[in-house]
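Following: one structure in structure tokens, then a few remarks.
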Amino acid sequence: MKENVQQILDHFHIEQFQHDLIHWFVKEQRDLPWRKEKDPYKIWVSEVMLQQTRVDTVIPYFYKFIEKFPTLDALAEAEEKEVLKAWEGLGYYSRIRNLHAAVKEVKEKYDGCVPASKEQFSSLKGVGPYTTGAVLSIAYDIPEPAVDGNVMRVLSRIFYITDDIAKGSTRKKFEQLVSCIIAHDNPSDFNQALMELGALICTPKSPSCFLCPVQRHCRAFAEGAEGKLPVKTKGKAPKHVSFRAIVLADKKGSILIEKRPNSGLLANLWQFPNDEHAPTADDQAFIKEISERYGVVIRSVQQIGTFQHVFSHVVWHIEAYKGEAIGLTVDVPTRKWVTIEELASYAFPVVYQKIWQAYE
DNA sequence: AATTCGTGGAC
DNA sequence: TGTCCAAGAAT
């Protein structure tokens, strides 16, 4: 295993590569909000937000999140509802549930100070191999590899590595490689530079090799093979799921909402009554099911549209309705009648936001 | 090891 | 319009 990496590094000029890469990064890096200071908490938040999420998407969320939770203690002390609302629309909601739990643990066990120990930090919820390396290197200048999709793409080209980056085991090989070439005198800039290069120059499609600061180190470029790398097998096609949902208003104009389970898809977010887990045959059966489940009489039912929403692994087709509801509902924490003003303080999945817009 | 977990932008 | 994706982690 180790011999494998050594062979890859044969004839590779490590110090020259480090210098070319970091010199470029210092000069050309983007002015991003989480690069203004080296607050481990803010670095951490940015890294969690950036997981599988574009920089342009993250920037406004990062500003709002830090404004609302400026310190680790502030986030640790915040209510789940408020924290989830700040994440609304960002996706992969387990990230914020895990971050919130992790921050609480840091507050209790480490006096609110993000641990600089690899063992301690990586044991926190939602902190995997990448986030560990990213936070420790960027915030604490500790020479740990931070291997994300950018790094695998960049290094697969530079070293002509044909391992399938869609496989989980491949990341470990790149971590070994980075451990060998990381700049110990500046691991922060080195790791960020690899990712920045992937984002700006060594892009997935049509990389700008003519602008690349490490072109002379790149084996793929030398062989005109940058377009063939990295090797990445396709995932399987998502499944299609069809069901119905209904926006119910009582005579005062309050809206019936329901909290999703605390695990699984869109965990802990709120939604309108629906038959996602037991799709009905027709609208009459649907109205009957909802009436019985919530103990209300429903009238003036109207269809308000069909909505499609594509997730990573599933596609939803929702037939949406609106109606008036009469009767009482058990007031449990996961079911509520809320005014339209109150509705705005609950976090909803994007597809239910679309349904709400159609209702209004 | 393979699935599950969101969303919106680029082409 | 369909495809691929973007600074991954948990199970």
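Keep in mind it's a predicted model, so treat the numbers as computed, not measured. Proteins come first, then strands; the chains are lettered A, B, ... in the order of their sequence lines, and each starts at number 1.
- For A/S169, whose side chain is taken as the heavy atoms from C-beta onward, the closest listed nucleotide among C/dG8, C/dC4, B/dA1 is B/dA1.
- Look at CD on A/Q52: it is 12 Å from C1' on C/dC4, rounded to the nearest Å.
- Of the possible donor and acceptor atoms, none in the side chain of A/T203 sits under 3.5 Å from a partner among the backbone N and O of A/A199.
- Below the 3.5 angstrom threshold, one finds no donor paired with an acceptor across the side chain of A/T53 and the base of B/dG8.
- A/S46 comes within 4.0 angstrom of nothing in the nucleic acid, heavy atoms only.
- Residue A/H313 has no polar side-chain atom (N or O) positioned under 4.0 Å from OP1 or OP2 of B/dT4.
- If you check B/dT7, C/dC5, C/dA9 against the side chain of A/R54, the one that comes closest is C/dC5.
- Remark: of the listed residues A/R244, A/E319, A/K288, A/R244 is the sole one forming a side-chain hydrogen bond (donor to acceptor under 3.5 Å, both in side chains) with A/T280.
- As judged by a 4.0 angstrom heavy-atom cut-off over every strand, A/V127 is placed among residues touching the sugar-phosphate backbone only.
- At least one donor-acceptor pair under 3.5 Å links the side chain of A/N191 to the backbone N or O of A/E144.
- Atom name C1', nucleotides C/dT1 and B/dG8: the rounded distance is 16 Å, in whole Å.
- In this model, the phosphate group of B/dT7 is approached by a side-chain N or O of A/H309 to a distance below 4.0 Å at OP1 or OP2.
- When heavy atoms are screened at a 4.0 angstrom cut-off, A/T57 is found touching no nucleic acid atom at all.
- The residue A/K232 sits close only to the backbone: its heavy atoms come under 4.0 Å of sugar-phosphate atoms, none of a base.
- Heavy atoms of A/G126 sit under 4.0 angstrom from primed sugar atoms or phosphate atoms, though from no base atom.
- Side-chain atoms of A/H317 never come within 3.5 Å of backbone atoms of A/H309 as a donor-acceptor pair (strictly under, hydrogens ignored).
- Using a 4.0 Å heavy-atom distance criterion, A/G264 is classed as a sugar-phosphate-only contact.
- Taking 4.0 Å as the cut-off between side-chain N and carboxylate O, A/E105 and A/K125 do not count as a salt-bridged pair.
- Residue-level contact check: A/G198 touches neither bases nor backbone, having no heavy atom under 4.0 Å from any strand.
- A/D111 places no side-chain N or O within donor-acceptor distance of the main-chain N or O of A/C113, the cut-off being under 3.5 Å.
- Comparing C/dA6 with B/dC5, their P atoms are spaced 23 Å from each other, to the whole Å.
- Residue A/R97 is classed as having no contact, given no heavy-atom separation below 4.0 Å to the nucleic acid.
- For C/dG8, its base never sits under 3.5 Å from the side chain of A/Y130 at any donor and acceptor pair.
- Among the atoms of the strands shown, none is found under 4.0 Å from any heavy atom of A/K205.
- Between A/N98 and A/W34, the one whose closest nucleotide on DNA chain C sits nearer the 5' end is A/W34.
- No engagement by A/R260 is indicated, since no non-hydrogen atom pair under 4.0 Å with the nucleic acid exists.
- Remark on DNA chain B: of its neighbouring residues A/S312 and A/G168, the 5'-side contact belongs to A/G168, judged by nearest-heavy-atom nucleotide.
- The 5' end of DNA chain B is approached more closely, in terms of each residue's nearest nucleotide, by A/K167 than by the other of A/K167 and A/S94.
- Of the side-chain N and O atoms in A/Y93, one or more sit less than 4.0 angstrom from OP1 or OP2 of B/dT7.
- Among the atoms of the strands shown, base atoms are found under 4.0 Å from some heavy atom of A/L90.
- Residue contacts for A/L269: at a heavy-atom cut-off of 4.0 Å it reaches no nucleic acid atom on any strand shown.
- With rounding to whole Å, A/D148 atom CG is found 14 Å from C/dC5 atom P.
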